[in-house]
Amino acid sequence: MEMTLAYLRETVGVIKDNGFTSDEHVETVTNGRGEPLYDRHAFELRRGSTEDLVLECLVYPDGTETYWLELRRMHRLKTFPFQVDSWKHHADRVEFRYYARDDGVALTLEMAFADPS
């Protein structure tokens, strides 16, 4: 699966189908001279009072895209925004990956939609 802003929107739709609300914010970020650096597409996703995250896509003038995840609150866990290389949505979960090494080993975070019982 190719990582794109369109696939990110599709993933947000799957997350919304699992009980999250979503707000999309789009802004152009510029340098000190008013020249555009990138367009920021941020999807704020919330479910209840303990699940709050942000998925972002930064689109640069040359068409390059980077993707970011921030866990504002995932029960008692929270993070600063960090870059993700890929993700994959399933009916019951989303897997986010960041490849820090060249051997294919990745930091993988899995967000399950149902509470474990």
Trainee: How about Glu51 and His75: do any of their side-chain heavy atoms sit closer than 4.5 Å?
Mentor: yes

Trainee: Hey, what do you get for CD (Glu110) to CD (Glu95), rounding to the nearest 0.5 Å?
Mentor: 5.0 Å

Trainee: Using a strict 4.0 Å threshold on nitrogen-to-oxygen distance, state whether Arg46 and Asp23 make a salt bridge.
Mentor: yes

Trainee: Would the distance check show the side chain of Glu65 and the main-chain N or O of Leu5 forming a donor-acceptor pair, the cut-off being under 3.5 Å?
Mentor: yes

Trainee: Please examine the side chains of His41 and Leu8, heavy atoms only from C-beta on, and report whether any two atoms are closer than 4.5 Å.
Mentor: no

Trainee: If Ile, Leu, Val, Met, Phe, Trp and Tyr residues are connected whenever their side-chain heavy atoms lie under 4.5 Å apart, and connections chain through other members, are Phe82 and Phe96 in the same group?
Mentor: yes

Trainee: So which heavy atom on Asp39 is nearest to which on Thr28, and how close?
Mentor: OD1-OG1, 2.7 Å

Trainee: Please round to the nearest 0.5 Å and tell me the distance separating atom NE2 of His90 and atom CE of Met111.
Mentor: 11.5 Å

Trainee: Does Arg9 have any salt bridge (charged side-chain N to carboxylate O under 4.0 Å, His left out) partners at least two apart in sequence or in another chain, and if so, which?
Mentor: Glu24

Trainee: Would you say Ile15 and Met74 are hydrophobically clustered, going by side-chain heavy atoms of ILVMFWY under 4.5 Å?
Mentor: yes

Trainee: Using the rule that two of Ile, Leu, Val, Met, Phe, Trp, Tyr join whenever any of their side-chain heavy atoms come within less than 4.5 Å, decide whether Tyr99 and Leu109 are in one cluster.
Mentor: no

Trainee: Using 4.0 Å as the upper bound for N to carboxylate O, is an ion pair formed by Glu27 and Arg40?
Mentor: yes

Trainee: Quick check on the hydrophobic clustering: are Val54 and Phe20 connected, directly or via other members, by side-chain heavy-atom contacts under 4.5 Å?
Mentor: no

Trainee: To the nearest 0.5 angstrom, please state how far the OH atom of Tyr60 sits from the OG1 atom of Thr66.
Mentor: 3.5 Å

Trainee: List the atom of Pro61, the atom of Pro36, and the distance in Å for their closest heavy-atom pair.
Mentor: CG-O, 3.8 Å

Trainee: For the residue pair Met3 and Ser86, what are the closest heavy atoms and their distance?
Mentor: SD-CA, 3.6 Å

Trainee: Looking only at heavy atoms, what is the nearest atom pair of Thr79 and Glu70, with distance?
Mentor: O-CG, 3.5 Å

Trainee: Are more than 12 heavy atoms from other residues, nucleotides or ligands located less than 6.0 Å from atom CG of Asp62?
Mentor: yes

Trainee: Membership question, hydrophobic clusters at under 4.5 Å side-chain separation (ILVMFWY): are Leu58 and Leu45 in the same one?
Mentor: no

Trainee: Quick one: closest heavy-atom pair of Ala112 and Arg93, and the distance?
Mentor: CA-CB, 3.9 Å

Trainee: Restricting to side-chain hydrogen bond (donor to acceptor under 3.5 Å, both in side chains), what partner residues turn up for Thr30, sequence neighbours left out?
Mentor: none

Trainee: Which residues satisfy the side-chain hydrogen bond (donor to acceptor under 3.5 Å, both in side chains) test with Gln83, sequence neighbours excluded?
Mentor: none

Trainee: Determine the interplanar angle of the Tyr7 and Trp87 rings, folded into 0 to 90°, and report it as parallel if under 30°, tilted if 30 to 60°, perpendicular if over 60°.
Mentor: parallel

Trainee: Counting distance only, does the side-chain N/O of Arg47 pair as donor-acceptor with the main-chain N or O of Phe113 below 3.5 Å?
Mentor: yes

Trainee: Could you tell me whether the side chain of Arg97 and the main chain of Asp85 form a donor-acceptor pair under 3.5 Å?
Mentor: no

